Peer 1: 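One structure, pasted below without further comment.
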Amino acid sequence: VVRQPVISISPKAVVSLGEEINFQCKTQDQPAKFYLQKAGDSILNWAMRSTRNVGDYSISCTSWEHAGHYSCSYALLQSPFLLSAPSDDIFLLLTKPRISISPSGSVALGAEVKIWCEIQYGTAVFYLYKAGDPTHQLPMKSHFNKGEFCINNVSWTHKGNYSCAYAFAESPFLFSPHSDLLELQPSGAVFVLLSSSLVLQYLCLAVFFLLLSFGAVLWYKKKRDGMYLLERKGCNAAYSGLGWDAWGVGRK
């Protein structure tokens with residue numbers, strides 16, 4: 001019975017760009033020829049350097065193209081065309097997904113922004129982190145190799161530095177290192193609008209009080225004129241009641 005081989009990566013399965021790694025494929029069977037496979041790669045089998053029951057494959061300088069899922073298989077020397085079942089998959093993660101924001105630059109309070117987290121290869125699950133609370137994960141809406149997080153109404157509570165990380169769906173607890181930090185800086189544009197609104201309100205209040213004062217002046221003037229007319233009518237009545245004799249004027 002041809003046993004399933006075991007695959008491993010050294011020094012670790014999460015590496016930085018440009019770092020050297022080594023795949024190792026091992027079996028307990030007799031000396032064999034080993035092959036490395038990468039999921040989705042057009043080259044079905046990469047020949048590994050075989051030494052008895054161990055195969056090695058080195059990548060001297062990792063790039064984004066090397067990220068992904070790997071497995072290995074082997075063929076016994078006496079049966080070179082009979083490959084074993086592939087090993088379980090192992091996941092090679094590369095550091096620092098790219099983080100970006102749209103729109104870029106200063107963001108107005110109340111505006112909508114989208115934060116993106118992106119890798120060059122593979123389908124992954126993405127998470128957003130805010131500096132100061134590294135354990136709190138904000139799940140991002142994942143689209144294959146890109147994650148999206150939408151903030152519909154930016155407020156001062158959203159101000160801060162953000163980073164993102166990812167994990168392949170097949171290995172959801174193996175997280176990549178965080179991206180570079182991205183700063184979200186709300187601007188005071190909404191306060192400018194608010195100030196303009198307050199100025200308009202104050203202007204309306206000033207006009208209201210001006211009209212109210214003008215109305216009060218008119219009412220007072222009308223009342224004063226009315227009292228003056230009443231006084232004149234009273235005087236005229238008094239004069240007419242006295243008669244000519246009261247004034248010492250004789251009648252002819």
Side-chain angles (χ1 to χ4, degrees), residues 4-26 35-44 46 48 56-73 85-102 104 112-152 157-158 160-184:
Q4 184 184 33
V6 176
I7 190 172
S8 61
I9 300 177
S10 60
K12 55 188 181 296
V14 180
V15 298
S16 301
L17 288 170
E19 191 172 344
E20 181 178 359
I21 60 168
N22 183 70
F23 292 93
Q24 187 175 86
C25 189
K26 189 175 183 179
Y35 300 93
L36 183 68
Q37 297 95 27
K38 182 184 178 186
D41 199 294
S42 58
I43 301 176
L44 296 179
W46 298 343
M48 306 181 75
D56 291 283
Y57 188 90
S58 296
I59 299 176
S60 59
C61 184
T62 53
S63 64
W64 288 109
E65 289 74 21
H66 294 123
H69 315 270
Y70 290 84
S71 63
C72 69
S73 57
S87 67
D88 293 333
D89 281 353
I90 196 169
F91 310 101
L92 176 62
L93 295 177
L94 294 180
T95 58
K96 289 191 177 181
R98 298 181 181 92
I99 189 170
S100 60
I101 189 170
S102 175
S104 59
E112 178 182 283
V113 298
K114 291 183 179 180
I115 300 176
W116 299 93
C117 188
E118 184 177 6
I119 58 176
Q120 288 192 352
Y121 177 87
T123 300
V125 180
F126 296 87
Y127 298 92
L128 186 67
Y129 302 84
K130 186 177 182 182
D133 191 8
T135 60
H136 183 57
Q137 296 177 342
L138 298 172
M140 305 181 77
K141 186 177 181 180
S142 299
H143 308 274
F144 299 102
N145 66 327
K146 183 182 291 187
E148 172 192 348
F149 189 86
C150 183
I151 301 175
N152 294 318
T157 60
H158 297 117
N161 295 312
Y162 292 82
S163 64
C164 67
Y166 67 95
F168 286 121
E170 295 84 354
S171 186
F173 301 108
L174 180 60
F175 295 100
S176 72
H178 288 204
S179 67
D180 292 333
L181 289 175
L182 173 74
E183 183 180 10
L184 176 56

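Computed over heavy atoms, backbone and side chain alike; hydrogens, waters and symmetry mates excluded. This is a predicted model, so every value here is computed, not measured.
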Peer 1: Would a line drawn from the ring center of Phe149 to the ring center of Tyr162 be shorter than 6.0 Å?
Peer 2: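 So the answer is no for these two rings.
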Peer 1: So is Lys38 actually on top of Trp46's ring, under 6.0 Å and inside 45° of the axis?
Peer 2: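 Relative to the ring axis of Trp46, which defines the angle, Lys38 lies outside at least one limit.
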Peer 1: Of all heavy-atom pairs between Tyr129 and Gln137, which one has the smallest distance, and what is that distance?
Peer 2: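 Heavy-atom minimum between the residues: OH-NE2, 3.0 Å.
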Peer 1: Is it true that Gln37 and Ser73 share a donor-acceptor pair across their side chains at a distance under 3.5 Å?
Peer 2: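 Note: Ser73 and Gln37 side chains meet the donor-acceptor criterion.
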Peer 1: Which heavy-atom pair separates Pro86 from Ser71 by the least distance, and what is that distance?
Peer 2: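 Looks like CB-OG, 4.1 Å.
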Peer 1: Classify the angle between the aromatic ring planes of His69 and Phe91 as parallel (below 30°), tilted (30 to 60°) or perpendicular (above 60°).
Peer 2: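 Because their plane-to-plane angle is over 60°, the rings of His69 and Phe91 count as perpendicular.
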Peer 1: Taking C-beta and beyond as the side chain, do Tyr166 and Cys117 meet within less than 4.5 Å on heavy atoms?
Peer 2: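 No, side chains not in contact.
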Peer 1: Got a sec, which residues hit side chain to side chain donor-acceptor pair (under 3.5 Å) with Ser142, two or more places apart in sequence or on another chain?
Peer 2: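 For Ser142 there are no side chain to side chain donor-acceptor pair (under 3.5 Å) partners, ignoring immediate neighbours.
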Peer 1: Quick one: does Val6's side chain get under 4.5 Å of Ser87's, heavy atoms only?
Peer 2: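 The answer is no, as the side chains (C-beta and beyond) never meet within the 4.5 Å cut-off.
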Peer 1: Might you work through the side chain to side chain contact (heavy atoms under 4.5 Å, CB included) test for Val15 and Ile9, ending with a clear yes or no?
Peer 2: CA-CA 10 Å; Val15 298; Ile9 300 177; 5.7 Å; no
Peer 1: Taking the six-membered ring for Trp, are Tyr127 and Phe175 parallel (under 30°), tilted (30 to 60°) or perpendicular (over 60°)?
Peer 2: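 Ring orientation of Tyr127 relative to Phe175: perpendicular.
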Peer 1: Determine the minimum heavy-atom distance between His158 and Leu184, stating which atoms define it.
Peer 2: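 That would be O-CD2, 3.3 Å.
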Peer 1: Considering only heavy atoms from C-beta outward, does the side chain of Asn161 approach that of Ser163 to under 4.5 Å?
Peer 2: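 A side-chain contact is absent here, since even the closest heavy-atom pair is not under 4.5 Å.
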Peer 1: Could you walk me through whether Leu93 and Ile119 pass the side chain to side chain contact (heavy atoms under 4.5 Å, CB included) test, one step at a time?
Peer 2: CA-CA 10 Å; Leu93 295 177; Ile119 58 176; over 6 Å; no
Peer 1: Quick one: do Ile101 and Glu183 satisfy side chain to side chain contact (heavy atoms under 4.5 Å, CB included)? Show the steps, please.
Peer 2: CA-CA 9 Å; Ile101 189 170; Glu183 183 180 10; over 6 Å; no
Peer 1: What closest approach, in Å, do Trp116 and Lys146 show between heavy atoms, and which atom pair accounts for it?
Peer 2: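 For Trp116 versus Lys146, the nearest heavy atoms are CE3-CD, 3.1 Å.
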Peer 1: Could you list all the salt bridge (Lys or Arg N to Asp or Glu O under 4.0 Å) pairs where at least one residue sits in residues 4-23, not counting sequence neighbours?
Peer 2: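 The answer is Lys12-Glu19.
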Peer 1: If you look at every heavy atom in Asn152 and Glu112, which pair is closest and at what distance?
Peer 2: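 Looking at all heavy atoms of both residues, the closest pair is OD1-OE1, 3.3 Å.
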Peer 1: Of all heavy-atom pairs between Pro11 and Ile21, which one has the smallest distance, and what is that distance?
Peer 2: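 Reported closest heavy-atom pair: CD-CA, 4.4 Å.
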